[in-house]
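Whatever order the structure lists them in is the order used to number ligands and atoms, beginning at 1.
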Amino acid sequence: MATLFTGISELRTVSTLGTITNAALVARDGVIEWVGPADQAPPAEETVDLGGRAVLPGWVDSHTHMVFDGNRADEFEARMAGKSYAAGGIAVTMEATRTASTARLDALVAERVAAGHAGGTTSFETKTGYGLDVTSEAEAAKVAARHVGDVTFLGAHLVPPGADPEAYVDEVTGPMLEAVRDHVQWIDVFCERGAFTEEQSRRVLEAGRSAGLGLRVHGNQLGEGPGVRLAVELGAASVDHVNHLTESDIELLAGSETVATVLPACDLSTREKLAPARTLIDAGVTVAIASNLNPGTSYTSAMNFCVTTAVLQQHLSLDEAIAAATTGGAKALRRHDVGEGKDPQGRPAKGTLVPGAAADLHVLDTASAIDLAYRPGMPLTWQTWVAGKKVYAA
Ligand code: NIG
């Protein structure tokens with residue numbers, strides 16, 4: 001059945017079609033069939049009047065860690081009192097997650113997806129990485145796959161306390177990878193001091209690639225390092241965090257298909273210097289903005305907040321920030337439009353509102369999306385639609 005959406009003050013297509021004012025959109029069977037000026041809209045079986053509101057593609061949150069139990073408010077409070085972030089806190093969440101039942105993890109992830117919808121997010125990636133043994137990582141992968149389309153194996157998040165690093169990498173690249181393989185599409189590694197070295201990271205990524213997984217890297221978060229270089233060399237879809245970059249890292253990214261994913265909420269929560277999103281865009285790098293929802297460094301899925309921060313503090317224009325949180329995230333997940341609204345695998349693309357793409361809509365309770373930055377922190381998400389179905393209404 002076709003649904004005609006009218007009453008759209010501005011339709012931000014995030015494509016070469018630009019922003020259409022007084023617009024309409026037709027969705028059929030979850031896919032966009034038509035966009036254009038309202039006075040040229042074709043008829044449809046059903047009409048939804050959005051009452052003069054702005055519509056943009058749903059956020060594509062390409063970096064989250066939703067499968068966890070417990071929280072680390074104490075660690076956060078100590079950080080706000082001057083202690084710096086270190087990867088070791090991951091072990092605290094590992095303990096809480098290992099002891100949680102599968103039913104509880106399922107409920108927690110479902111809640112987190114619902115909260116994302118309430119914030120305008122329509123596509124999610126999420127990672128394992130708080131199990132850190134074969135059984136718990138496999139369970140996390142299965143839980144994640146029940147709720148989210150893109151699941152990433154992050155057994156290489158931290159060497160669990162007491163384990164030998166090389167033996168642990170053997171486990172990650174052997175039995176753990178084997179146990180999660182059928183439930184994940186991606187593999188990731190925390191390539192950072194205190195986590196995994198360049199050589200260990202390379203082993204993890206190469207094993208994932210041999211198993212048919214796409215590659216992602218946590219890199220250059222806490223200091224300059226090999227993360228970006230490795231990600232580009234191995235053709236990773238994204239390298240995430242990217243707070244500390246050399247000129248050579250930026251050049252490598254600019255000459256590659258690897259997306260640089262910035263995580264503004266995490267930078268604020270860790271008091272890390274904000275990732276140089278402005279410099280990256282000026283250099284021609286594709287930038288994605290993601291929430292990095294996790295209990296250690298970014299206990300939020302609020303993409304509106306991340307976009308606002310990117311504009312106000314990282315000096316992106318609103319258009320650039322919206323693009324990074326929609327088409328940028330889609331590119332980081334290889335779900336972007338490569339023509340006629342289809343992604344590289346011929347599925348409806350994400351992060352753009354063009355015919356052929358997924359009818360994933362974020363309706364703001366305002367006539368203009370500039371309010372995302374002009375009225376920071378206001379509850380602007382009014383409705384969220386995934387594949388033409390309403391999943392959230394304020
Ligand atoms: O992306 N940096 C590594 N992993 C997470 C944080 C994990 C944690 O501290 O629990 C991140 O920020």
Nearest to [atom], what protein heavy atom do you find, and at what distance?
atom: atom 12 (O) of ligand 1; answer: Thr297 OG1, 2.7 Å
atom: atom 2 (N) of ligand 1; answer: Gln221 OE1, 2.8 Å
atom: atom 11 (C) of ligand 1; answer: Asn292 ND2, 3.3 Å
atom: atom 4 (N) of ligand 1; answer: His157 NE2, 2.7 Å

* Under-4.0 Å heavy-atom contact with ligand 1, by part of Leu263 that carries it ->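 No part of Leu263 is near ligand 1 at this cut-off.
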* Asked: Below 6.0 angstrom between ring centroids: does that apply to Phe124 and His117?
  ->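 Close enough - the centres of the two rings lie under 6.0 Å apart.
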* Cation-aromatic face contact Arg112/Phe68, 6.0 Å, 45 degrees ->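 Yes; both conditions hold, so Arg112 lies above the ring face of Phe68.
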* Can you find a non-hydrogen atom of His63 under 4.0 Å from ligand 1? ->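 True for this residue.
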* Could a heavy atom of Thr93 be found less than 4.0 Å from some atom of ligand 1? ->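 Flag not set, Thr93 not near ligand 1.
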* Would you sort out whether Phe5 and Trp385 count as a ring pair (Phe, Tyr, Trp, His ring centres under 6.0 Å), showing the intermediate values? => CA-CA 11 Å; Phe5 292 86; Trp385 296 70; 4.8 Å; yes
* Relative to atom 6 (C) of ligand 1, which among Tyr299, Phe190, Tyr85 owns the nearest non-hydrogen atom? ->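 Checking each option, the heavy atom nearest atom 6 (C) of ligand 1 is found in Tyr85.
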Can you tell me how the ring of [X] sits relative to the ring of [Y], calling it parallel under 30°, perpendicular over 60° and tilted otherwise?
X: His65; Y: Tyr130; answer: tilted
X: His218; Y: His241; answer: tilted
X: His157; Y: Phe190; answer: tilted

* Asked: Does an N or O from Tyr130, backbone or side chain, lie closer than 3.5 Å to an N or O of ligand 1?
  ->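 Between Tyr130 and ligand 1 (N or O atoms, distance only) the closest approach is under 3.5 Å.
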* Salt bridge or not for Glu75 and Arg79, using N-O below 4.0 Å? ->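 Here Glu75 pairs with Arg79 in a salt bridge, since their nearest N and O are under 4.0 Å apart.
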* **Under 4.0 Å to a heavy atom of His241 - the qualifying atoms of ligand 1, by number** =>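 Those atoms are 1 (O), 2 (N), 11 (C), 12 (O).
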